[in-house]
Amino acid sequence: METTLIYSVPFGCSFAAIAALEWSDLPYRLARVEARDPASKQHPAFLAINPLGQTPALLTPAGTPLLESMAILLHLAARAPESGLGFAQGTPQYDHLNSALSFLHTTFHAAFMPAFQASRAAEGDARAAVWREMAVEKVNKSLAHLERLLDGRAWLASDAAPTIADAYLAATARWAEPLQLARLSDYPHVARVLAALEDDPGIRFAHAIEAGLPAVSRGGFLGHVVLDQLAVPAG
């Protein structure tokens with residue numbers, strides 16, 4: 001059984017796992033969930049894999065579900081040690097990568113949540129403005145920290161090639177300007193890395209997959225499966 005990643009659109013953080021799979025050269029399939037379609041999010045096969053109905057979700061080659069972006073990205077890096085996606089556990093490089101990825105997965109991702117909450121608020125709800133102000137403050141504070149981390153570095157956790165941390169950065173930092181929370185040009189190191197990532201074939205592939213456009217893989221992508229075809233874990 002091949003690895004299967006369940007990802008969501010539009011603009012899901014599962015984008016990071018798609019890019020990481022491309023960089024890994026591991027064989028894999030994709031299953032698509034439309035985040036705005038309740039039927040898609042509540043599909044029985046999907047809920048059997050992740051009862052929370054959240055993406056990303058991964059089915060390993062053994063058919064075991066693996067949930068949460070950080071766990072999935074670390075799993076892919078460990079399975080493809082020659083890819084440069086990560087480092088050996090216990091090394092200073094691994095600790096640095098794990099710290100950067102943890103910051104992105106917790107603090108940075110969470111910084112956007114008040115803005116998403118505001119976008120769902122009822123018209124006239126005075127709390128929406130407060131939530132947006134909170135998001136602006138938190139996102140800019142996080143970007144300032146990322147700016148410090150990237151000072152003098154080619155990538156977040158490596159000078160050789162992008163790692164899983166950069167994949168997650170690409171997935172989440174892209175929310176800042178469309179939500180009008182920050183100007184990336186105010187953070188030149190962050191903007192530099194994001195521009196370099198946008199030129200990367202794996203990132204371009206992930207964008208094409210999200211947009212439903214023809215996508216050219218490095219060779220690992222085996223195609224899409226629909227939710228009805230997912231191998232649901234026993235028990």
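- Both L184 and W175 sit in one connected hydrophobic cluster of ILVMFWY residues. Membership requires side-chain heavy atoms under 4.5 Å apart, directly or through other members.
- Considering all non-hydrogen atoms of both residues, P114 and M134 come closest at CG-SD, 3.9 Å.
- Looking at heavy atoms from C-beta onward, D151 lies out of side-chain contact with R148 at the 4.5 angstrom threshold.
- Residues R79 and T60 bring no donor and acceptor atom of their side chains to less than 3.5 Å of each other.
- Within the model, atoms CG of L26 and OG of S83 stand 7.5 Å from one another, a figure rounded to the nearest 0.5 Å.
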Handout entry: side chain to side chain contact (heavy atoms under 4.5 Å, CB included) assessment of I72 paired with H75
Key = CA-CA 5 Å; I72 290 169; H75 167 85; 5.5 Å; no
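- The heavy-atom pair separating D159 from R153 by the smallest distance is OD1-CA, 3.5 Å.
- Both V139 and L149 belong to a single network of hydrophobic side chains, linked directly or stepwise wherever heavy atoms of I, L, V, M, F, W or Y lie under 4.5 Å apart.
- The distance from atom NZ of K41 to atom OG1 of T55, rounded to the nearest 0.5 Å, is 8.0 Å.
- In this structure, A20 and L85 approach most closely via the heavy-atom pair O-CD1, 3.6 Å.
- Once rounded to the nearest 0.5 Å, the distance linking CG of D125 with CD of Q117 reads 9.0 Å.
- The stretch residues 211-229 participates, sequence neighbours left out, in these salt bridge (Lys or Arg N to Asp or Glu O under 4.0 Å) pairs: D25-R218.
- The line from CG of L146 to OG1 of T172 is 8.0 Å long, rounded to the nearest 0.5 Å.
- Residues V225 and L5 fall into different hydrophobic clusters, defined by Ile, Leu, Val, Met, Phe, Trp and Tyr side chains chained together at heavy-atom separations under 4.5 Å.
- Side-chain contact, E22 with S217: a donor N or O sits under 3.5 Å from an acceptor N or O.
- For CD of Q93, the number of neighbouring non-hydrogen atoms (other residues, nucleotides, ligands) closer than 6.0 Å is greater than 12.
- Going from atom NE2 of H145 over to atom CG of L150 covers 10.0 Å, rounded to the nearest 0.5 Å.
- A donor-acceptor contact shorter than 3.5 Å links the side chain of T91 to the backbone of A88.
- F11 and I18 fall into different hydrophobic clusters, where Ile, Leu, Val, Met, Phe, Trp and Tyr side chains are chained together by heavy-atom contacts under 4.5 Å.
- Here the closest non-hydrogen pair linking V190 and E147 is N-OE1, 3.0 Å.
- At least one side-chain heavy atom of I203 sits less than 4.5 Å from a side-chain heavy atom of W23.
- Under the 4.5 Å side-chain contact rule for hydrophobic residues, L30 and L67 do not share a cluster.
- Between V9 and E34, the closest side-chain pair of non-hydrogen atoms falls below 4.5 Å.
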Check residues 96-110 and write down every donor-acceptor pair under 3.5 Å in which the side-chain atom is one partner and the other belongs to a residue at least two apart or another chain.
{"residue": "H96", "atom": "NE2", "partner": "L156", "partner atom": "O", "Å": "2.9"}
{"residue": "S102", "atom": "OG", "partner": "N98", "partner atom": "O", "Å": "2.7"}
{"residue": "T106", "atom": "OG1", "partner": "S102", "partner atom": "O", "Å": "2.5"}

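- I164 CD1 to S158 OG: the interatomic distance, rounded to the nearest 0.5 Å, is 11.5 Å.
- Counting only residues at least two apart or in different chains, salt bridge (Lys or Arg N to Asp or Glu O under 4.0 Å) contacts with residues 170-185 comprise R174-E210, R183-D186.
- For the pair S119/R132, no side-chain contact is recorded, criterion being any heavy-atom separation below 4.5 Å from C-beta on.
- Remark: R127 CZ is loosely packed, at most 12 non-hydrogen atoms of other residues, nucleotides or ligands lying under 6.0 Å away.
- Counting heavy atoms from C-beta on, the side chains of P65 and L58 never come closer than 4.5 Å.
- Side chains of F205 and V216 form no contact here, defined as non-hydrogen atoms less than 4.5 Å apart.
- For the pair D199 (side chain) and A196 (backbone), a donor-acceptor distance under 3.5 Å is absent.
- Using a distance-only test at 3.5 Å, with no hydrogens or angles considered, no donor-acceptor pair links the side chain of S14 to the main chain of Y7.
- The two residues C13 and A171 make their nearest non-hydrogen contact at O-CB, 3.9 Å.
- Atom CD of E68 sits in a sparse spot, with 12 or fewer heavy atoms from other residues, nucleotides or ligands closer than 6.0 Å.
- Smallest separation of non-hydrogen atoms from A157 and D166: N-OD2, 4.5 Å.
- Contact annotation: the side chain of F15 never approaches that of I209 to less than 4.5 Å [non-hydrogen atoms, C-beta and beyond].
- Atom CZ of F221 has more than 12 heavy atoms from other residues, nucleotides or ligands within 6.0 Å.
- In this structure, the side chain of N140 does not engage the main chain of A182 through any donor-acceptor pair within 3.5 Å.
- Side-chain atoms of Y187 and S142, non-hydrogen and from C-beta on, never get closer than 4.5 Å to each other.
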